[in-house]
Structure formats: structure tokens, C-alpha cells
Number of protein chains: 2
Amino acid sequence: MMDLDETDRAILRALRADAALSAGELGRRLGLSQPAAWRRIRRLTESGVISGRRVVLDREALGFGVTVFLGVKLATKGRVSLDEFERAASAIPEVQAIEHVLGLFDYRLKVVARDLADFERVLRRRIMTLPGAGNVEANVMLSEERLPGPLG
Amino acid sequence: MMDLDETDRAILRALRADAALSAGELGRRLGLSQPAAWRRIRRLTESGVISGRRVVLDREALGFGVTVFLGVKLATKGRVSLDEFERAASAIPEVQAIEHVLGLFDYRLKVVARDLADFERVLRRRIMTLPGAGNVEANVMLSEERLPGPLG
DNA sequence: ATTGAAACTGCAACATT
DNA sequence: AATGTTGCAGTTTCAAT
């Protein structure tokens, strides 16, 4: 953990919205020279605060109009069950994220599909056959809003 | 929606892992010239398939070690209730994502906090006081695995 | 698809405060 | 310790072939 000043936070806020911003453009906005802004970005990257840069793909543009969150309760728990479940879930192409959670469910899966008919196929042939899967609860995503979140 | 060939998919797969890859490096890997790779990236961006580039922040490095998924059932529904709930939830700094869903819950919130004591504060003073919030169910995240997902 | 060229960016070295 | 200036290699972003 690292302590950030107001300038660092402004940089993170800007890069969260658009990681393609150049150090020069960032410096211009914050009143820094290009190398000064660049050095701060490098420092944030090397310290691990910035852990990567990813492109965001538009699922709809790719033909995947349906996103569903699944809560999964395992029927059998234990070291082997968790590993096996995670390995099998990772192998399903439509699964975008696997979250191991504590609470009413054991896992939370984010699944995408072309449409509801396609989702039913994934659910029946892939999800319900996952090793150890007991109760499964589904929530179809209608819309999603991503927020900046706290920076320290 | 746009149709992609195998090369486009390889580009998306590579950029999903690391958006900082240059067009030259991408071309080298795929057997394309630098401008050819660059043109494909631009085409994918202009068509909306690539909808943005974001930095990934390490929550733990920022001092937020706890991530909780909340399922929220509204007590009162209707146009106004949804708008009001979303507006109030957006104003909570610890809320990272607001997902409007169909199913057992009406909303799914991704919330981060410094620790469990901090999370309790957020839950009691911010979440439970959200307008219209009825039942709230929580799942504490233990680990998360993000997968490439299907590309068409 | 390749080449060439202008503008910009990333990155290092050095000086300043 | 953080900044600014200079300078160069590499990249982006075009146009031309």
C-alpha cells in the first residue's frame, strides 16, 4: 500500500476513464510537464496500483446481447470440490468471470450469451453439469453502470 | 454488429490481456505489417467493438481489501423508485458498479471497503438508507478470476 | 502490403528549485 | 524528492505506391 497525493489521484481518475491518454496530455490537464506526468504514471505502475491496461469490448457489438449473473451453491464442499468446480467453470467459453464468495452462495459467475435461447443451452448443457453444482440462481442483467470508485 | 475474421479475434485476444501492446508488436506476432495491424485496430475501435481502454487498479494496493457483492430487492418499484435508487447509489463513493437485474433481486451492487469494519459502516449508513431498499443480501468476495470470454 | 515521412510519445540524462 | 529542459529512439498516423 502506497500513499498518493491529490495529483496521483487525479491521474488515476483520468486513466480510469481513458487509459489511452498520453503523458503529455495528462500533464497539460494537470499543469505538469510531460516527463513529470510520465514519471508519476510509471511510479503508480511499478508500485502495483495500476495493475494493467485492458481494452473494453462491447459485448453487444460482438453479438452477445445477454449477460446473466449466476449464484451457485455447491452440493459438496472441500478442497477438491472447489478446485474442480473452478477448473470446469474456466473451461466454459461463455463464462466471463468466476468469483469465489462467502455468503448464501459459494460462487458467482458472469455469463454471456447471444440471446436467451443461447443462454438456455449454456445453462443446461454447461452450467448445470458443473461438478458439485447444487442450487443455481440467475439474474439477467438489464443495464450496468460502472463508477470510478474510491481512490484512497 | 460486425463480423470478424480469425486475425481480428487474435488481435482482440491479445489486447484483452494487455492493451499497451503496440501495433508493431501485434503485427510481429500475427504476421502482419505494422500499418496493417494498426488499421485493424482502428477499424475495431471505430466499429465500436473496442469501446474503450481502461487501467485496472489494484484495490488492495489502494488499501481496499474487502469487496462485497450486494443483492438488493426494492420495497417499492416503479419508474421513480428505480431512478431515485440509482441516483442515490451512484453517489456512494464505495460503490463500484450498479447492475439493474431481473430475477430474485432488482439490483446488484459491487462495493469495496478498507476492511470489514469499514464495510459495516458503509452498509449501515449508506446502503441500508438507500431510498426503496428492502431486502439486502451480501456475498463477500474471496477471490476473482477474469476470463477472456467468447469473441463471436 | 510495403514504403516513406511528419508529428507525437516514451524514456533517459542532466540541471534546477 | 519532485520538477523542468533537452534530446533521441520508437510509435502513431498519414499519404503514396
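Here is the naming used below: chain letters follow the sequence lines, and residue numbers restart at 1 for every chain.
- Not a single ring pair (Phe, Tyr, Trp, His ring centres under 6.0 Å) links B:Phe64 to another residue, sequence neighbours left out.
- Under the ring pair (Phe, Tyr, Trp, His ring centres under 6.0 Å) criterion, B:Phe119 pairs with no residue at all, not counting sequence neighbours.
- Ion pairing between a basic and an acidic side chain is recognised when a charged N comes within 4.0 Å of a carboxylate O; A:Arg28 and A:Glu25 show such pairing.
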request  = Report, as a single string ordered 5' to 3', how protein heavy atoms within less than 4.0 Å touch nucleotides 1-17 of chain C: B base, S sugar-phosphate only, - not at all.
outcome  = SBB-----SBBB-----
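- Counting heavy atoms from C-beta on, the side chains of A:Gln96 and B:Leu147 never come closer than 4.5 Å.
- Rounded to an integer number of Å, the gap from CD1 of A:Ile11 to P of D:dA2 is 12 Å.
- Look at CZ on A:Arg43: it is 13 Å from C1' on D:dT3, rounded to the nearest Å.
- Looking at B:Glu99 and A:Arg108, a side-chain N of the basic residue comes within less than 4.0 Å of a carboxylate O on the acidic one, giving a salt bridge.
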